[in-house]
Every structure is written in structure tokens, then in C-alpha cells.
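Input: a single structure, listed below in C-alpha cells.
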Amino acid sequence: MSQFLSEQELIRREKLQGLRDLGINPYPADLYPLNSNSSDIKQNYEEGKKVIIAGRLMSARIQGKASFAEIQDSEGRIQVYFNRDEICPDEDKTMYNEVFKKLIDLGDFLGIEGELFTTQVGEKTVLVKKFVLLSKALKPLPLPKTDKDGKVHDQFNDPEMRYRQRYADLVVNPHVKEVFIKRSKLFTAMRNFFMDKGYMEVETPILQAIPGGAAARPFISHHNALDIPLYLRIANELYLKRLIVGGFDGVFEFSKNFRNEGMDRTHNPEFTAMEIYVAYKDYNWMMEFTENLLEHCAKEVNGTTKAKFNEYEVDFKAPYARVSMTDAIKQYANYDISGKTEEELREAALGMGIEVDKTMGKGKLIDEIFGAKCEGNFIQPTFITDYPKEMSPLCKEHRHNPELTERFELMVCGKEIANAYSELNDPIDQRERFEEQIRLAEKGDDEATGLIDQDFLRALEYGMPPTSGLGIGMDRLIMFLTNNPAIQEVLFFPQMRPEKIKKLNPSVESLNEEEKLVYQLLETQGAMPLNDLKEQVALSNKKWDLAVKTLTKLNLAKVTKTDESLLIEII
RNA sequence: GAUUCAGUAGCUCAGCUGGUAGAGCAUUACACUUUUAAUGUAGGGGUCCUGGGUUCGAGCCCCAGCUGAAUCACCA
């Protein structure tokens with residue numbers, strides 16, 4: 001393998017040995033007693049203060065007997081000043097001349113003891129008295145540079161490389177790190193908001209025998225001891241409701257869900273939802289709760305309720321507009337769905353140029369009309385309320401209209417980020433709704449749920465208090481709060497196709513047919529003119545070229561140039 | 001799933017009817033004690049995504065594939 005390291009990687013390995021030869025362990029075990037960091041130094045600056053810091057060396061400007069460098073730690077960067085005679089007050093100048101100038105590379109972790117001072121240019125700097133190598137980097141990092149106008153050069157910006165090597169992305173792209181800091185703040189803000197209200201954070205199974213609570217295709221796994229299939233959860237709703245049955249008044253969970261469906265810039269196979277259920281509440285209460293929650297979260301994350309997303313400026317300040325689905329369709333499709341039959345709705349949809357098929361029932365048709373004509377219009381946070389019953393099998397029937405349910409979705413920039421119900425707690429009605437889903441599934445609607453969770457129904461039969469539940473797509477919400485149109489940008493490790501890592505083994509056995517042929521001919525006949533060999537092997541030009549290149553690359557053969565011709569021979 | 005674009009040095013990117021592969025940063029050597037995209041001089045570094053084809057000759061043209069991105073469709 002070593003022959004396939006780049007020149008720079010080879011040099012770093014040689015330096016590693018060089019350090020060991022000097023008695024320096026490039027990967028020491030001892031803890032490093034740091035007592036400060038880059039932002040602490042800048043904020044609590046005192047001339048002459050002694051500090052101990054640690055971090056990665058990210059730039060170095062060597063000027064003979066003195067050098068300026070930058071150390072990057074978790075807080076940012078701080079300039080450090082290496083002076084030969086400060087580091088090496090005695091005769092022996094090895095630590096500066098050899099170790100620092102020659103054997104330390106950009107990317108290495110250093111521990112630094114020094115004193116604070118300000119340079120003539122006004123930069124707060126650590127004057128290095130003593131430094132140690134804490135860890136050597138064998139691979140060069142990408143190295144974006146910012147010029148004096150703040151313009152970034154050589155930015156590490158290829159999405160594929162950034163997602164596959166997020167560690168490198170985080171090291172060199174501070175704005176990427178910022179997104180994930182905000183993500184963490186969002187979770188903290190939301191958790192604290194719930195805790196303050198006395199609700200309890202819980203955990204429910206990820207491996208489920210019946211994947212319920214949403215309409216989605218699950219991942220299937222298998223339990224060996226029980227010899228049964230287990231599914232990765234697509235939602236945690238049914239489990240949280242069991243806990244409300246059990247007597248908790250408010251439970252919530254940040255839930256990793258898994259859906260075996262398409263991947264694109266807004267869908268990852270695993271994603272995070274937050275679901276909360278609160279007893280004795282309804283969806284009207286939940287709307288107010290939701291807008292207060294999001295206002296709080298936006299402030300905690302960004303310091304303001306306003307957030308830029310693409311060309312829009314969104315304001316999460318409560319209260320939000322509330323529009324019923326019927327009114328939304330009236331407004332944007334100029335059509336009144338109230339009291340219409342399935343046939344009338346299908347014709348209306350067709351008239352609007354919407355594709356429909358026979359498996360679609362009333363609810364689905366209304367949803368299609370809404371999706372095509374209305375959804376994209378709601379830029380500022382807007383509650384869309386009162387969805388058709390057919391598409392909401394876990395939601396309580398509307399108190400004033402049996403065709404509708406007490407459900408709302410929160411739309412932002414034309415996308416759904418939250419979904420909430422007055423939860424259905426009538427066990428008989430619930431059983432009928434599940435059975436209706438089975439019929440839809442048999443009819444060919446692959447979104448309908450095909451299995452009934454009998455245990456969930458048993459729980460409801462014991463009685464569940466009136467309850468309102470809310471689900472929020474956490475990934476989507478943080479996308480809005482950080483102005484990222486791709487979900488991959490807000491996940492540390494988005495799912496990618498597995499990377500093919502080529503392994504070339506520099507041995508004769510690993511050669512392919514063509515390379516072996518060339519090698520064997522050379523072996524039996526010895527050195528010969530390149531062209532003669534080419535004629536003998538009679539390969540296509542491409543194959544010939546590649547075979548010879550591989551052999552020379554592996555140092556198995558050598559081409560030498562004479563006045564007359566090119567000679568090839570085995571090494 | 002469809003269409004479009006992209007893949008060249010560690011990183012960012014050039015490249016020409018099809019004729020020995022280039023730059024900046026990084027790297028190596030030398031010089032340089034308050035610099036800041038440090039500077040100067042000299043060097044080294046390439047499976048031009050993979051595989052076929054056309055051609056005297058392909059990084060470039062053709063075909064197939066891989067990977068990613070964007071748009072659309074599908075999906076919540």
C-alpha cells in the first residue's frame with residue numbers, strides 16, 4: 001500500500017520516524033493540562049498572562065529564527081509566536097530548527113505554554129515558551145485561506161467529499177460547525193421548554209414487531225433468538241400514547257425514525273422527529289403551544305425570531321395565521337370542497353390538471369388538490385387545520401363536522417414542519433379506522449397501513465384521556481433556522497452510497513491478465529525495445545498503455561530512454 | 001425514475017480541431033526575529049472517475065458504467 005501514498009503522505013511518515021529518532025513520541029498518552037483556549041484568550045486578554053492551550057496547527061509563517069502560526073481549537077483560532085531563542089534558550093536549537101520548522105506539519109495537534117502579548121500589527125498572540133506534539137497528522141487537510149478582504153480561496157466545498165469526510169469538513173469550514181452547534185441548541189431549547197412545563201422525556205422501542213404510527217415503508221431486521229422479523233420504527237406515536245394511557249400527563253421523545261424510501265435533498269433514510277403528547281388538551285391548545293415553542297426555539301438558536309430561508313424572510317414570532325384546509329382550497333383553487341362527493345372531487349381535480357387515479361378516495365383527492373394548488377403559498381408560519389378524515393386514521397373526528405378531523409399541520413415556506421391532532425381515543429372508532437386502512441392497503445394504496453396493532457387497541461380500551469399530540473420534523477426545522485435547503489447539510493453523517501476504496505497491492509500476484517502477460521514476456525526475454533514488446537503482446541493501445549503504466553508505477557518494470565529508442569526491462 | 005451538469009496534483013480550478021498535462025495554495029530545499037492570503041529563489045509531485053471504441057495518436061470525440069449535485073416527478 002505504501003507505494004500508493006501521495007508524496008506528501010510519505011513525507012509525513014518520514015517525519016514521524018524523524019520525531020521518534022529524536023525521542024519524541026508523536027502520540028503521547030498523558031493528559032495535557034490546558035487552562036485556556038482561543039476565545040478565552042481574546043475575551044479575557046491580559047498582557048503577559050501565562051496560558052496553556054492546545055489545538056491543531058492550521059497555518060505557519062516561518063521567518064528564519066521566528067515564526068507566526070495559528071492554533072485552532074474548538075472555539076476558533078489564536079495566533080502563536082515561535083521564537084527560536086525563547087523555545088531554546090540553551091545551545092541546543094533542535095526544538096525550533098528541527099522539530100518545529102521541519103518535523104511539525106499543518107494539522108498536527110500541539111500543546112503550547114506561553115505568555116500573552118500583542119504584536120505590532122495589533123494581533124493578540126501567545127509567545128511560545130514551550131510546546132509539545134500531542135498528535136501527528138499523517139494526511140494533509142484541505143486548506144482554505146481567507147484573504148484580507150474576507151474572501152475565501154481554495155474552499156473545501158465539494159458536497160460529496162464534505163459529506164463523506166465530515167471530520168475534515170468540520171475542521172476547515174467553521175460555518176459548517178456553526179450549523180451543528182445551532183442544531184444542538186435547538187434540541188436543548190425544545191427540551192427545556194418541555195421540561196419547564198413539567199413534561200417528561202421518555203424512550204420507546206426502535207425495534208418494533210409492528211411498525212405503526214405513520215404510513216411509510218419500514219426497514220426490516222430479524223431477531224435470531226426469537227426468530228421473528230423486527231422493524232425499525234417509522235414513528236413512535238403509538239408507544240407514546242400507551243404512556244398517556246399509563247397515566248403520564250405529558251411525555252415527549254426525540255425519535256430517530258427510519259423509512260425505506262427515496263433519498264433526495266430533503267429525505268434521509270433516518271431522520272429525527274420530536275413527538276409530544278399532552279393529556280386533557282386539544283388541537284386548539286396545541287396550536288398556541290406550538291407557536292410559543294417555535295418562537296422560543298428560534299430565539300434560542302439565532303437570537304431572533306426572524307430567519308432567512310432562500311429568498312424568504314420567515315418570522316417565527318407567535319401567533320401564526322390559521323387557515324382551514326377548506327378555506328385554503330377556496331382561496332387558492334377557487335373551489336369549495338364542502339359536501340362534495342368523491343366523483344365531484346375527482347372531476348374538479350382533473351379540471352385543475354391534477355393527475356388522479358382510481359385508488360384515490362376523498363381524502364387523498366383533497367390532499368392532492370391542496371398539495372398542487374395551496375401548499376406552496378404559505379411562506380410565513382401558517383397552521384392549516386381540519387384535514388379530511390380518511391387521511392388521518394389516528395385523529396379525532398372534528399367536533400362540528402364528521403367528515404373532518406381535528407388536525408393541523410404547520411407550513412413554513414411551503415413545507416410541512418409540524419403535524420398535530422386531537423388524538424383519537426375512542427377504541428371502537430380506532431379499530432374501524434385501522435380496518436379501513438387495511439381495505440385501502442388491499443385496494444393498492446401502498447401508503448395505507450396493512451397491519452393492526454392489537455396491543456395499541458387494547459391500551460385504548462383501558463381508556464386514554466383526551467390528549468393532543470404534536471410531531472415536529474427536527475431536521476426540517478433546523479434547515480429553516482440555518483438557511484440550508486439540503487437535509488444533508490444539517491446531518492453530521494448523511495446516508496451516502498458506500499464508497500469504493502481501491503486497494504492496489506504492489507505484487508506480481510495482484511496484476512491483471514494484461515499486466516501479467518507483459519511481465520512474463522519481459523521475464524523470459526529480458527530488456528527489449530518498447531515497440532518490439534508492444535508488437536509481441538498485441539494488446540489494444542489502451543490496455544497496452546495501462547499495463548505498462550501500472551508495471552512502472554509498481555516499480556516492477558523500468559523504461560529507459562536511449563538515443564535510438566525506449567528500452568523496457570524488469571527491475 | 002427522467003433530464004442537465006460535474007469528476008484533471010493534498011485542496012481549488014485551468015486546459016486544446018485530437019498532438020510531450022498547467023496555475024495558485026499546500027509540499028521539499030535555501031534565505032529571512034513582530035508577520036498575517038508573509039516574502040524571495042530553486043525543485044518535486046498526475047491511473048486526467050472506470051471500462052470499451054474510433055484514431056498513427058484521446059484528458060478532450062463516441063458508447064456503457066460508477067459517484068455526486070441541480071431541476072422535475074414520486075414520496076410525507
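Below, read A as the first sequence line, B as the second, and so on, with proteins coming before strands; counting in each chain starts at 1. Just so it is clear, the model here is predicted, and its values are computed rather than measured.
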What's the closest nucleotide to the side chain of [X] if the choices are [options]?
X      : options             : result
A:M161 : B:C32, B:C72, B:U12 : B:U12
A:K364 : B:C11, B:C75, B:G68 : B:C75
A:D158 : B:U12, B:U33, B:U27 : B:U12
A:D85  : B:U33, B:C75, B:G68 : B:U33
A:K145 : B:C75, B:C32, B:A37 : B:A37
A:D154 : B:C11, B:U35, B:C32 : B:C11
A:N157 : B:C75, B:U12, B:U35 : B:U12
A:V121 : B:U36, B:U27, B:G45 : B:U36
A:Y163 : B:C74, B:A29, B:A69 : B:A69
A:H267 : B:C75, B:U12, B:C32 : B:C75

Return the stacking result for B:A37 and A:H153: yes when the ring centres lie under 5.5 Å apart and the planes under 30°, no otherwise.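 Answer is yes, a stack.
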Confirm from the modelled atom types if [X] and [N] form a donor-acceptor pair under 3.5 Å, side chain to base only.
X     : N     : result
A:Q8  : B:G10 : yes
A:Q79 : B:U35 : yes
A:Y81 : B:U35 : no

Given that both distances must come in under 3.5 Å, which nucleotide forms a Watson-Crick or G-U wobble pair with [N]?
N     : value
B:G44 : none
B:U20 : none
B:U35 : none
B:U3  : B:A70

Can a donor-acceptor pair be found between the side chains of [X] and [Y] at a distance below 3.5 Å?
X      : Y      : value
A:N97  : A:R84  : no
A:S324 : A:D386 : no
A:Y163 : A:Q165 : no

Any [X] side-chain N or O less than 4.0 Å from OP1/OP2 of [N]:
X      : N     : result
A:R497 : B:U67 : yes
A:R265 : B:U71 : yes
A:R61  : B:U35 : no

[N] to [M] separation - [atom1] atoms, rounded to the nearest Å:
N     : M     : atom1 : result
B:U8  : B:C48 : P     : 11 Å
B:A9  : B:G24 : P     : 16 Å
B:C60 : B:C16 : P     : 14 Å
B:G65 : B:A29 : C1'   : 45 Å

Nearest whole angstrom, please: distance from the [atom2] of [N] to the [atom1] of [X].
X      : N     : atom1 : atom2 : result
A:K15  : B:A26 : NZ    : C1'   : 11 Å
A:F156 : B:U12 : CZ    : C1'   : 11 Å
A:N83  : B:U35 : CG    : C1'   : 13 Å

Both A:I62 and A:Q155 contact RNA chain B. Taking the nearest nucleotide for each, which residue is further toward the 5' end?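 Between the two, 5'-proximity favours A:Q155.
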Return the orientation label for the A:F383 and A:F408 ring planes: parallel under 30°, perpendicular over 60°, tilted otherwise.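 Ring orientation, 0 to 90° scale: perpendicular.
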Find the distance between CD (A:E368) and CD1 (A:I354) and round it off to the nearest 0.5 Å. 7.0 Å
